[in-house]
Amino acid sequence: MPPTVTLSASEQVEMILSRAERAVPEEELAERLDRSLRDEIPLRVKLGIDPSSPDLHLGHAVPLRVLRLFQQLGHIAVLIIGDFTGMVGDPSGASKTRPALTREKVRENARTYVRQARRILLADRLEVRRNSEWLGRLGSGGLLDLARRTTVARILERDDFAKRFAGGSPISVVEFLYPLLQAYDSVAVRADVELGGTDQLFNLLVGRDLQRDWGQEPQLCLMFGLLEGLDGVQKMSKSLGNYVGIAEAPEEMFGKLMSVPDSLTGKYLRLATDLGPSEVAEIERTATPGGPAAAAAKRRLAREVVSLYWGTAKAARAERHFDAAHVLHEVPRGVPEAPVPPEATDAGRVFLPRLMTDLGLAPSGAEARRLIEQGGVRLDGVALTELRVDLAVVKGRVLQVGRRRFVKLR
RNA sequence: GGGAGGGUACCGAAGCGGCCAAACGGGCGUGACUGUAAAUCACGUGGCCCUGCCUUCAGAGGUUCGAAUCCUCUCCCUCCCA
């Protein structure tokens, strides 16, 4: 099977390591790639996914994109759905026991997850496995055998466990087993490389130990930093609302990416696009924060990312849409139309707060009044200052509330 | 089982008889500016056809001319001891 990308081994190493925060052992990557090339045996690259949240965002996409990169280099992606471990709950970084998921929920999440992951991964050289396949038939004997492989002291070395233990918060025995179970996946699929977040360091290393015990060559561990969300501070997560979903509409994606803080543009370029390390470095060098080059860099970022998921044509359209709406402040096309509700009119006069609440442009009349006072309500671009306007004046024109809510009145 | 401390607006957190629709911070919204939904600055942020009125400070009662603030009971949370 020929690789779809031809790069020298050192270029490959650079591509991969520029995205990874850490590799253990670091020097081994080049050697493995070399050997694979020479012996024409593709590497088996494992990525375990936790089916606790179904919607993928750019943060999840980081290891998935590297997995794709391996595929492009001719290697095999082994995507493992943690349908068994998901019912145990990963204790990594957690300050309390995670709720175990039900079987149905896990199955459902896994389905949407894989569907979205396929938007990133190549269909060729892809294995999707569920770890219940082997963990489910481990039996108590097999489980005991696994449990024998490590010690309580080693597990307690981990910061998260140590803190919880010291703080007297409960640690379930089953959580102790999690690292072993997920590490056993590496044995089961004979992984050469495993990808994961930096918080997975311990778990990935346990994989190496177990593989050694089972007479396999220990896997190479590649760990990726967490991508901060749009607020620039906290990690990207759905619950914090600071995420860019990989299935989001192009316009939405473009707009969200343009609001990434300047300081993070480089990191986003490196982790969320296909640009090579030297190109990113060049952009970072020229884009002094606050200057026009920083704006250009972010535009590049938005264009690149949207193109990855939607193609260049849609990305270009998203960019035009963005410029129209946010740079030129044009009234967008396809503004929804609505009739003026009779309840909002009295003797030929329209009472704007009522109109706005009825059309869902403001949550309350008080809020609507505030918006009008602050000059945030416009009719065909002209700010309104009165609470009441003649019905005849309003008809057939576009009412704009704030910067992005529009309704054409009939 | 015993003891201590709490529950205030979207969130965090002041207030501890009247000047309280309730400080302050975050978030959010609008405006100015610009390079964008960035940064900065300003203003706003319970409801109501609003110079005023109505409903809020876990819930229910009570004291008082007047309660987020005092009393009683109920529910919920946190911590300490067993």
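First the proteins, then the strands, lettered A, B, ... as listed; each starts at 1.
Distance noted for atom P between B/A4 and B/U72: 14 Å (whole Å). The separation of B/G25 from B/A14, taken at their C1' atoms, amounts to 11 Å, rounded to a whole angstrom. Across B/C57 and B/U69, the matching P atoms stand 9 Å from one another, rounded to whole Å. The separation of B/G17 from B/A38, taken at their C1' atoms, amounts to 48 Å, rounded to a whole angstrom. With P as the reference atom, B/C70 and B/C16 are 10 Å apart, rounded to whole Å. Here the separation of B/A58 from B/U8, taken at their P atoms, is 7 Å to the nearest Å. Atom name P, nucleotides B/C10 and B/G6: the rounded distance is 24 Å, in whole Å. Separating the C1' atom of B/U30 from that of B/A22 is a span of 24 Å, rounded to the nearest Å.
B/G5: Watson-Crick or G-U partner is B/C77, with both key distances under 3.5 Å. Of all nucleotides present, only B/G44 satisfies the Watson-Crick or G-U wobble test against B/C28, with each distance under 3.5 Å. Across all strands shown, nothing is found opposite B/C33 as a Watson-Crick or G-U wobble partner with both distances under 3.5 Å. Pair check for B/U72 finds B/A60; Watson-Crick or G-U wobble, both atom distances under 3.5 Å. Base-pair partner of B/C65: B/G18 (Watson-Crick or G-U wobble, both distances under 3.5 Å).
Across all strands shown, A/R378 has heavy atoms under 4.0 Å from sugar-phosphate atoms exclusively, and none from any base. At a threshold of 4.0 angstrom between heavy atoms, the contacts of A/G402 are confined to the sugar-phosphate backbone, with no base atom among them. Residue A/K256 is out of contact with every strand shown, counting any heavy-atom pair closer than 4.0 Å.
With distances taken from any side-chain atom of A/A366 to the nucleotides B/G47, B/A37, B/U30, the minimum falls on B/G47. Candidate nucleotides B/G47, B/G29, B/A37 were compared by shortest atom distance to the side chain of A/S364, and B/G47 ranks first. Taking every side-chain heavy atom of A/S259 into account, B/A38 is the closest of B/G47, B/A38, B/G29. When each of B/C50, B/G29, B/G31 is scored by its nearest atom to the side-chain atoms of A/R405, the top-ranked nucleotide is B/G29.
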What verdict does the side chain to side chain donor-acceptor pair (under 3.5 Å) test give for A/T85 and A/Q182, after you've listed the backbone C-alpha separation in whole Å, the side-chain angles of each residue and the deciding distance to 0.1 Å? CA-CA 7 Å; A/T85 38; A/Q182 97 85 34; over 6 Å; no
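A salt bridge links A/E284 with A/R270: the distance from a Lys NZ or Arg NE/NH1/NH2 to an Asp or Glu carboxylate oxygen falls below 4.0 Å.
Rounded to whole Å, the distance from CD on A/E248 to C1' on B/A37 is 13 Å. A straight line from CD of A/E373 to P of B/G44 spans 10 Å, rounded to a whole angstrom. Between the CZ atom of A/R369 and the P atom of B/U45 there is a distance of 13 Å, given to the nearest Å. Atom pair A/Q400:CD and B/A37:C1' shows a separation of 14 Å (rounding to whole Å applied). Look at CG on A/L264: it is 19 Å from P on B/A37, rounded to the nearest Å. The distance between atom CG of A/L230 and atom P of B/A37, rounded to the nearest whole Å, is 14 Å. Between A/D358 atom CG and B/C48 atom P the separation is 11 Å, expressed in whole Å. Between the P atom of B/U40 and the CG atom of A/D262 lies a distance of 11 Å, rounded to the nearest Å.
Remark: the A/E367 side chain and the B/G29 base include no donor-acceptor N/O pair separated by less than 3.5 Å. Judged by atom type and distance alone, A/R370 does not reach the base of B/C43 through any side-chain donor-acceptor pair under 3.5 Å.
A donor-acceptor contact shorter than 3.5 Å links the side chain of A/K298 to the backbone of A/V260.
Surrounding CZ of A/R212 are more than 12 heavy atoms belonging to other residues, nucleotides or ligands, all under 6.0 Å away. Remark: A/R119 CZ is packed, more than 12 non-hydrogen atoms of other residues, nucleotides or ligands lying under 6.0 Å away.
Taking every heavy atom of both residues into account, A/L230 and A/Y268 meet most closely at N-OH, 4.0 Å.
In terms of position along RNA chain B, the nucleotide closest to A/R299 lies nearer the 5' end than the nucleotide closest to the other residue of the pair A/T345 and A/R299. Along RNA chain B, the nucleotide nearest to A/F254 and the one nearest to A/F351 differ in position, and the one closer to the 5' end is contacted by A/F254.
Residue A/V45 is tested with A/L195, A/I76, A/V78 for a side-chain contact (heavy atoms from CB on, under 4.5 Å); the sole match is A/L195.
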